[in-house]
2 protein chains.
Amino acid sequence: MPTEICVDCPVREHALCSSLNDEGVIAFTGLCQRRCVTAGETVMWAGDESRICANLVSGVLKMVAATADGREQIVGLFYPADFVGEPYAEEHAFTVTALTNAELCTVQRRPFEHFLEEHARMENLLLQRTLRALKEARGRMLSLARLSAGEKVAGLLIDMAARAERCVRRPGSDHPVTFDLPMTRGHMADVLGMTIETVSRQLTKLKGAGVLALSGNRTVTIKDAHALRAWAAAR
Amino acid sequence: MPTEICVDCPVREHALCSSLNDEGVIAFTGLCQRRCVTAGETVMWAGDESRICANLVSGVLKMVAATADGREQIVGLFYPADFVGEPYAEEHAFTVTALTNAELCTVQRRPFEHFLEEHARMENLLLQRTLRALKEARGRMLSLARLSAGEKVAGLLIDMAARAERCVRRPGSDHPVTFDLPMTRGHMADVLGMTIETVSRQLTKLKGAGVLALSGNRTVTIKDAHALRAWAAAR
DNA sequence: CCGGGTCCTTGTTTCAGATCAAGGCAACAG
DNA sequence: CTGTTGCCTTGATCTGAAACAAGGACCCGG
């Protein structure tokens, strides 16, 4: 049965598909294909023809821009329920790679564009999400250009914490939170436009100030969320 | 007659409105209002309720993001025919200010959103433009984070030249081009995430290398487009 | 012609973060 | 158990751009 892949979809309510009624879902399912990728695997290559789009079902992806001589910058992170891909573009401008093992629900680009024409609510939702992504990208431009290393790292930690455990705690409360970073120091550096060493030093500083606890390379405990927020806005 | 404002509109063919048929234009005209602003005037304030959107008819606008302590970054420039504003957002995230005298065709946000629902082609065009803006913003993230001062300035000059005299010359040809910068050194610095002094020094360097000629503060002649492109990609 | 803007250039100093270099630690294969 | 590999930390040094400072060019109003 073709709807199977949607019925038990963990992001059914949060992805673009949430805009579809039952018939719409059935039609959409016909276009979709599940795909699993392992950490490090690249899903779309900059310069390649833009043939597919996707909804991310699980895992985390990065979108990387690069200069001709190899300098890299992560220009977007994708979490479950996010839409990935470049509709209406002939070729991919950026490379998209899995940071963790991940599961995608892929659609051919052309049929997807055609589907949007006939499902105004999905098109509208995509528009709203794209506008939000644009706003975020602009905020990140401010961060890349004008924030200090300390502010950047603190800000990223806040973002990742919010993404990692949305349901675990109510926003605003200040109890310690523990979560796993979905990426290495190197990836953090690529997101923030810095080097690995500087990221590491900032984390050490935050630890020294009693704001964080680090255990292993990936596990972070925010001991003082208030201080972390202050750090993000001032250091 | 209500259609008057569109009939003689210089950007009629290039703005969002190009997606409308005659009836659509008439309906849209009913929602629009022309507004002139002088250089330096602010059109939308970050934090204010998002009440209007606009098509830019003439002039150049900047969109500025700022930190709490006053550091600023220009996160977008708007040229004639560009769409400005944040539909579906309750409040403006960024401040939009005129760099030159400018003319806007404004629409109330809510009625505009409603209008989009009923004019799928316009909604689709807005989606495509938003996707392109997002791609540009991501490219700029790479530039802000990873390029050197020289690369940034050369790149911006190339962009502005392309915007300034689109019809004057065919792309790729290498004859000298003269055009006026639509902004001060200070604005260039705000776009590129640098300081006025560094922008000035880079321009002086470019002049010294025989790549550019500068006359007055605003007029630039690209004497060697090839060299300028090389500078943008390597210096 | 003068005074006061605004904007730009140029010189000097300072500093945050990059770069270079050396280990540490955990996971894993043999 | 041992060598390898990947990732992280820490230290020392270097450097590009910021910050600070001073002065020049141009414009405008009186």
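So you know, we letter chains A, B, ... as the sequences are listed, proteins then strands, and number each from 1. Side chains are part of it too, since the values below use all heavy atoms of this structure and drop only hydrogens, waters and symmetry mates. Keep in mind that this is a model prediction, so the values were computed, not measured.
Between B:Thr198 and D:dA18, a side-chain N or O to OP1/OP2 separation shorter than 4.0 Å is present. Contact annotation: B:Thr195 side-chain N/O to D:dA18 OP1/OP2 distance is under 4.0 Å.
The existence of a salt bridge linking A:Arg146 and B:Glu72 is excluded, since no basic side-chain nitrogen approaches an acidic carboxylate oxygen closer than 4.0 Å. Ion pairing between A:Arg51 and A:Glu86 fails under the 4.0 Å rule for side-chain N and carboxylate O. Note on A:Glu151 versus B:Arg71: salt bridge recorded, some NZ/NE/NH1/NH2 to OD/OE distance being below 4.0 Å.
A side-chain donor-acceptor contact under 3.5 Å links A:Asp180 and A:Thr219.
With hydrogens and angles left out, the side chain of B:Glu197 and the base of D:dC20 share a donor-acceptor pair within 3.5 Å. In the interface, the side chain of B:Arg201 is paired with the base of C:dG11 through a donor and an acceptor atom under 3.5 Å apart.
When the P atom of D:dA17 is taken as reference, atom CG of A:Leu144 falls 16 Å away, rounded to whole Å. For the pair B:Arg146 CZ and C:dA18 C1', the interatomic distance rounds to 11 Å; values are reported in whole Å. Rounded to whole Å, the distance from NZ on B:Lys205 to C1' on C:dT9 is 14 Å. Taking atom CG of B:Leu214 as the reference point, atom P of C:dT10 lies 10 Å away to the nearest angstrom. Note: CG (B:Leu181) to C1' (C:dC8) measures 12 Å, nearest angstrom. Atom pair B:Met188:CE and C:dT9:C1' shows a separation of 14 Å (rounding to whole Å applied). The interatomic distance linking B:Leu147 (CG) with C:dA18 (P) rounds to 15 Å, in whole Å. A:Met194 places its CE atom 20 Å from the P atom of C:dC15, with the value rounded to the nearest Å.
Using modelled atom types, one side-chain atom of A:Arg109 and one backbone atom of A:Ser50 make a donor-acceptor pair closer than 3.5 Å.
Partner of A:Glu103 under the side chain to side chain contact (heavy atoms under 4.5 Å, CB included) criterion, chosen from A:Pro10, A:Cys9, A:Ser58, A:Pro80: A:Ser58.
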Using a 4.0 Å heavy-atom cut-off, write out nucleotides 3-8 of chain D from 5' to 3' as B (base contacted by protein), S (sugar-phosphate only) or - (no contact).
-----S

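Within 6.0 Å of CD in B:Gln33 there are 12 or fewer heavy atoms belonging to other residues, nucleotides or ligands.
Closest contact between the side chain of B:Ala149 and the listed nucleotides D:dT9, C:dT19, D:dA17 involves D:dA17.
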